[in-house]
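Report on the following structure.
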Amino acid sequence: MSSLHIEDLCVSYGPVRALENLTLDANEGEITALVGSNGAGKTSLLGATTGLVRSTSGKIQLDGADIINQAPSKAVRVGLGHVPEGRQVFGDLTVLENLHLGAYRFRGRSAKAADIKRMFELFPRLEERKSQAAGTLSGGEQQMVVIARALIGRPTMLLLDEPSLGLAPLISAQILESLVQLNKSDGLSVLMVEQNVTAALSIADRGYVIASGSVVLSGTGAELAADPTVREHYLGSLSAQEEEK
Amino acid sequence: MIEQIIIGIANGSVYASLALALVLIYRATGVVNFAQGEMATLTAYLSYTMITAGVPWPLAVILALLAAGMIGAAIYWFLVRRIRGRARDTNIAILTLALFTFLASVTLSIWTGIPKAFPPIFGEGIVEFGSVRVSVNVIVVLIIAFVTMLLVTGFFRFTKLGLGLQGATTNETAARIVGIEPNRVYLVGWILAAVVGGISGILAANLLLLEPTMMLMPMILAFAAMAVGGLSSPFGAVLGGLILGLAQSLLGTYVDGAAALRTPIAFLLLVLVLLIRPQGFFGRGKVVRP
C-alpha cells in the first residue's frame with residue numbers, strides 16, 4: 001500500500017512540452033484512473049514516475065519520499081511496479097524466466113515458488129505456457145505475463161499503461177477484474193491509463209482527465225462517468241458506436 | 001586417425017572458446033566483436049612475458065586474465081557504452097574493427113612479429129592409450145575448453161546476472177522496469193567475454209607458436225562456429241567450434257590435396273548448415289509474433 005503524490009510536474013522532449021505543471025494524487029489502497037486523448041501526456045506521466053523519462057521540474061513522492069529522476073531500478077526497490085504500454089515482455093525468454101526476472105530486485109535468481117504459484121492461480125493460461133518463449137504468446141497472454149511479472153516484484157503501487165489495448169473484450173475484462181481483486185485482497189494501490197474509459201471509471205475510486213499535459217478535471221470514478229464533458233469527449237464516441245449496433 | 005581426431009578437437013576447442021567469448025558479447029551488446037581475437041592474443045603475450053620473467057605460471061595466467069577483464073571493461077565503459085543507443089549496431093561492430101587494428105599494432109610493436117614458443121606450462125608428457133599417443137598438453141587444453149563452456153552455460157542458466165543479461169539484451173525497457181541496470185550487466189558480459197577470450201588465446205599459444213597474427217584464422221573460424229551454433233547459444237558455439245576443428249584436421253590429413261583447402265572446405269560446411277538451418281543449430285531465430 002502506497003500513496004503517490006505528484007505536484008507541478010513538467011516533462012519536455014526537446015522543445016515539446018509533454019507535461020505542464022501536472023498535479024495529482026493516487027491514494028493509498030485506491031484505484032486511480034487517468035483519462036485523456038492520445039498524446040495528452042498519460043504515458044509520459046507514468047514514465048516520469050518510474051524514472052524511464054526525465055522530468056524537468058516538479059515533485060514526485062511515493063509515501064512522502066522524493067523519487068523524481070531516480071533510476072528505474074531504484075523506483076522498483078521502493079515499491080513501484082510498472083506495466084508499460086506495448087506489452088514489454090522478454091520475447092526470447094520463457095514465461096517462467098520472465099516471471100523470475102520480475103523478482104530481480106530481491107535476493108537470488110528466482111522468484112519464490114509461492115509467488116509464481118499465485119500468479120498461475122491469477123492467470124491460469126500462463127501456467128499452461130510457462131516453458132514457451134514469451135514472444136510467441138498472444139497479445140492478451142503477453143499482457144498477463146507483464147502484469148504478473150510486475151506483481152512478482154511485490155509493488156505497493158502499480159502503474160498500468162493501457163493494459164487492455166488491443167485485447168479481446170473478454171480478456172480485457174478478465175484483466176481489469178484481476179486488478180480489482182488484488183486491490184481488494186492486498187490493498188494494492190493502482191494508477192492506470194485505460195482507453196476503455198467506461199470500464200476504467202467503473203472500477204476507479206478516483207479519476208483524472210488529462211489534456212495537453214495538465215489535469216483539467218478530477219473527481220471520483222462515478223462523478224467523472226456522470227460528467228457531461230467527460231461523456232461528450234471521452235465516452236461520446238463509444239456510446240455513438242453502441243447506438244449504431 | 002584417432003590422433004588426428006584429438007588434434008582436431010584440440011584446435012576446435014580454441015575456436016570454441018573464442019566463439020564463446022563472441023557469444024557473450026553478442027548477448028551483452030547485440031554485436032559481434034571483431035577485436036576479440038586481438039584481445040586474446042594480447043592476453044597470451046601478457047602471460048608469456050610474465051612467465052618468462054619468472055612469475056609462476058598459474059599466477060601469470062591469472063594476472064593476464066585479470067588484465068584481459070580490465071581491458072574488456074574499459075572498452076565497454078569508455079567506448080561502447082557511450083555510443084550504444086545513439087549509434088546503429090553496425091557502427092559498434094565497426095568500432096570493434098578499429099580496436100582490432102589498434103590492438104594488433106600494439107602487440108606487434110611491443111613483442112615484434114617474430115614467433116615465440118610458449119613455455120610448456122602443461123608439461124611435455126605423452127599419454128599412450130594402446131597404440132594412440134596424445135600429448136598431455138592437448139588433453140589439458142581440451143579439459144580447460146570444456147570447463148570454460150560449462151561455466152559460461154552455467155552463468156546464463158543458473159545465475160541471476162546471467163538471466164538479467166539475457167533480459168537486458170532481449171528488451172531493455174522491460175529490463176529497466178524490473179530493476180535491471182543494463183549498463184551494469186553489459187559490463188559484466190564484456191568482462192567475462194574478455195576473460196573467456198583470453199583463455200582461448202592462452203590455449204592457442206599452447207598448441208601453436210605465439211605470434212601477433214596467431215588468432216586471425218581462429219577468429220574467422222570462431223565466427224563460423226558462432227553462426228553454426230546459432231549466434232547466441234554457448235553450447236552451439238562450442239559444438240560448432242569442435243566440428244570445424246575436426247573437419248579441418250580430418251580433411252587435411254585424409255583427403256588428397258586437401259591440405260591447402262581444408263579451411264575453405266570447413267567453411268563449405270558452414271554454408272551448408274546455414275542453407276539448411278539459417279538460424280544455426282541452437283538459434284532461437286527471431287520470435288516475434290506478427
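Below, chain A is the first sequence line, B the second, and so on; all start at residue 1.
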Which heavy-atom pair separates B:Ile177 from A:His82 by the least distance, and what is that distance?
-> CD1-O, 3.4 Å
Counting heavy-atom pairs under 4.5 Å to chain B, which of A:Gly86, A:Ala71, A:Gly153, A:Gly108 comes out on top?
-> A:Gly108
What residues, two or more places apart in sequence or in another chain, satisfy side-chain hydrogen bond (donor to acceptor under 3.5 Å, both in side chains) together with B:Asn91?
-> none
Residue-level contacts of residues 148-161 of chain B with chain A, using a heavy-atom cutoff under 4.5 Å | B:Arg157, B:Phe158, B:Thr159, B:Lys160, B:Leu161
Segment of A:Arg107 engaging chain B (4.5 angstrom heavy-atom cut-off) = backbone
Tabulate, in ascending numerical order, the residues of residues 190-204 of chain B having at least one heavy atom closer than 4.5 Å to a heavy atom of chain A, or enter 'none'.
-> none
Counting only heavy atoms not in A:Phe106, do more than 12 fall under 6.0 Å of its CZ?
-> yes
Any residues in residues 62-71 of chain B near chain A, with a heavy-atom distance under 4.5 Å, and which are they?
-> none
Rounded to the nearest 0.5 Å, how far apart are OH of A:Tyr104 and CD of B:Glu181?
-> 8.0 Å
Answer yes or no: is there a side-chain heavy-atom contact under 4.5 Å between B:Ile180 and A:Ser73?
-> no
Spacing of B:Thr170 atom OG1 and A:Gln88 atom CD [to the nearest 0.5 Å] | 12.0 Å
Look at atom CZ of A:Arg118 and say whether more than 12 heavy atoms of other residues, nucleotides or ligands are closer to it than 6.0 Å.
-> no
Pairwise side-chain contact, A:Leu93 with B:Gln166, heavy-atom cut-off 4.5 Å (strictly under) = yes
More than 12 heavy atoms of other residues, nucleotides or ligands under 6.0 Å from CG of B:Leu275: is that the case?
-> yes
Of the listed B:Ala168, B:Ala175, B:Gly179, B:Gly164, the one with the largest count of heavy-atom pairs under 4.5 Å with chain A is B:Gly179
Please check if the side chain of B:Asn171 supplies one atom and the backbone of A:Val89 the other of a donor-acceptor pair under 3.5 Å.
-> yes
Is any side-chain heavy atom of A:Val76 less than 4.5 Å from a side-chain heavy atom of B:Val178?
-> no
Step through the shown structure and confirm whether more than 12 heavy atoms of other residues, nucleotides or ligands are within 6.0 Å of CZ on B:Arg277.
-> yes
